[in-house]
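Single-structure report; data block below.
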Amino acid sequence: RIDIVRKSGFNTAESEELLNLSIVEFTLESYESAEELIQKSTDKLNIFIYEEINATIKNINNLRNISLENNLNITRLEDTINNAKKLDVTDLKKINVLKQEFSSLNKSVYMLIEAKNEIKSMEDAGFPTTRVSNVLNEAKFALELGYYDKIDDIIKNIKKLKSKAFELNT
């Protein structure tokens, strides 16, 4: 099991050390001690994985709060949190997918916030923002569908539209 956890990118050093000690104990025919060390190794591994799950849930919660503070109600964040709460220490592939999902969500939410700020600066300068607001809604929709790669292009489009508006105004 340690090999599977290690291959999934988790730090298994403490568990491996305990497991190696259990091998020594087993070799010395101290079977009870070996069994205790194996159990401690498994417990450490499980605790570490639960901590990873909980840390990721906390990060997603923080990201949800940031998105709400910026008037971005993103359903995908709620769905991701709910899915994360259902994970078990044996769901290593799902845990890695969750971490990747958080990374993509994090980048995308901050890009949406940046785009909102770009639009706000256009509004403050008196430019019409209907078109760029529609583009921002496209980005939100792409995020909800999990099309993170499209968000970057959409946000770049918003920046171009803003740049062009200010350029034409000078």
Side-chain angles (χ1 to χ4, degrees), residues 2 4-15 44-170:
I2 287 178
I4 295 169
V5 175
R6 187 183 331 106
K7 287 176 185 175
S8 294
F10 294 101
N11 181 357
T12 59
E14 287 184 56
S15 292
K44 282 234 181 251
L45 210 52
N46 289 341
I47 289 168
F48 178 76
I49 294 169
Y50 272 122
E51 287 172 350
E52 285 286 311
I53 293 169
N54 289 330
T56 304
I57 290 171
K58 182 179 177 184
N59 289 336
I60 297 168
N61 269 321
N62 290 338
L63 185 60
R64 179 190 60 193
N65 292 338
I66 290 166
S67 70
L68 291 174
E69 288 168 7
N70 286 277
N71 297 317
L72 295 169
N73 186 15
I74 301 169
T75 308
R76 190 164 191 94
L77 287 168
E78 295 296 329
D79 294 343
T80 304
I81 290 168
N82 291 332
N83 290 335
K85 289 178 180 177
K86 297 174 189 172
L87 289 176
D88 184 74
V89 294
T90 59
D91 296 329
L92 296 175
K93 286 182 182 178
K94 289 180 183 177
I95 293 167
N96 281 331
V97 168
L98 171 70
K99 291 170 77 173
Q100 291 169 352
E101 175 86 359
F102 168 72
S103 178
S104 297
L105 280 166
N106 191 52
K107 180 182 175 192
S108 298
V109 166
Y110 278 100
M111 287 181 6
L112 288 174
I113 291 169
E114 182 182 353
K116 279 189 71 153
N117 291 334
E118 298 281 348
I119 293 170
K120 176 79 169 98
S121 71
M122 289 178 70
E123 286 174 351
D124 292 346
F127 291 107
T129 58
T130 305
R131 183 170 177 206
V132 288
S133 293
N134 288 338
V135 174
L136 179 64
N137 287 331
E138 286 177 34
K140 285 183 201 176
F141 187 66
L143 186 144
E144 291 291 1
L145 295 176
Y147 297 138
Y148 304 115
D149 54 333
K150 292 187 178 218
I151 295 170
D152 192 37
D153 292 335
I154 295 170
I155 300 305
K156 284 178 185 174
N157 190 18
I158 290 173
K159 289 179 180 182
K160 275 191 224 175
L161 291 170
K162 176 195 172 194
S163 179
K164 192 168 237 172
F166 278 95
E167 183 182 303
L168 292 173
N169 194 43
T170 56

Rounded to the nearest 0.5 angstrom, the CD-CG distance for Glu51 and Asn54 is 8.0 Å
Judged by atom type as modelled, is there a donor-acceptor pair below 3.5 Å linking the side chain of Ser108 to the main-chain atoms of Leu143? no
Roughly how far, to the nearest 0.5 Å, is the CG atom of Asn71 from the CG atom of Leu112? 12.5 Å
Test side-chain contact (heavy atoms from CB on, under 4.5 Å) applied to Leu63 and Ile81, Asn106, Ile74, the passing residue: Asn106
Tyr50 vs Asp88, side-chain contact (heavy atoms from CB on, under 4.5 Å): CA-CA, chis, key distance, verdict: CA-CA 8 Å; Tyr50 272 122; Asp88 184 74; 3.5 Å; yes
Polar side-chain atom of Glu144 near backbone of Thr75 as donor-acceptor pair, under 3.5 Å: yes
I want to check something: taking the side chain as every heavy atom from C-beta on, are Leu87 and Ile57 in contact at a cut-off of under 4.5 Å? no
In the structure I gave you, are the side-chain heavy atoms of Lys86 and Lys94 within less than 4.5 Å of one another anywhere? no
Under 3.5 Å, is there a donor-acceptor pair between the side chain of Asp152 and the main chain of Tyr148? no
In terms of side-chain geometry, is the basic nitrogen of Lys150 or Glu138 positioned less than 4.0 Å from the acidic oxygen of its partner? no
Rounded distance (nearest 0.5 Å) linking atom CG of Asp124 with atom CD1 of Ile119: 12.0 Å
Applying side-chain contact (heavy atoms from CB on, under 4.5 Å) to Thr80 and Arg76, what does each step give before you reach the verdict? CA-CA 6 Å; Thr80 304; Arg76 190 164 191 94; 4.1 Å; yes
In a check of salt bridge (charged side-chain N to carboxylate O under 4.0 Å, His left out) between Glu118 and each of Lys160, Lys162, Lys156, which one passes? Lys162
Please find the pair of heavy atoms, one from Ile151 and one from Ala139, that lie closest to each other, and give the distance. CG1-O, 3.8 Å
Which atom of Ile53 lies closest to which atom of Ala84, heavy atoms considered: CG2-O, 3.8 Å
Does atom CD of Glu78 have more than 12 heavy-atom neighbours, drawn from other residues, nucleotides or ligands, at distances under 6.0 Å? yes
Quick one: pull up CD1 in Ile60 and CG in Leu105 and give me the separation to the nearest 0.5 Å. 7.0 Å
Side chains of Asn61 and Arg64: is there a donor and an acceptor less than 3.5 Å apart? yes
How long is the gap from CZ on Phe102 to CG on Asn59, to the nearest 0.5 Å? 4.0 Å
Can you confirm whether or not the ring centre of Phe127 sits under 6.0 Å from the ring centre of Phe166? yes
Check whether Ser163 reaches the backbone of Lys159 with its side chain - one donor and one acceptor, N or O, closer than 3.5 Å. no
When you measure from the side chain of Ser67 to the backbone of Leu72, do you find a donor-acceptor pair of N or O atoms at a distance under 3.5 Å? yes
Shortest non-hydrogen separation from Leu161 to Met122 and the atoms involved: O-CE, 4.4 Å
Considering all heavy atoms of both residues, which atom of Ser15 and which atom of Leu45 are nearest to each other, and what is their separation? OG-N, 3.3 Å
Okay, side chain of Asn83, backbone of Asp79: is any donor-acceptor separation there less than 3.5 Å? yes
With rounding to the nearest 0.5 Å, note down the distance linking CG in Asn70 to CG in Asn117. 7.0 Å
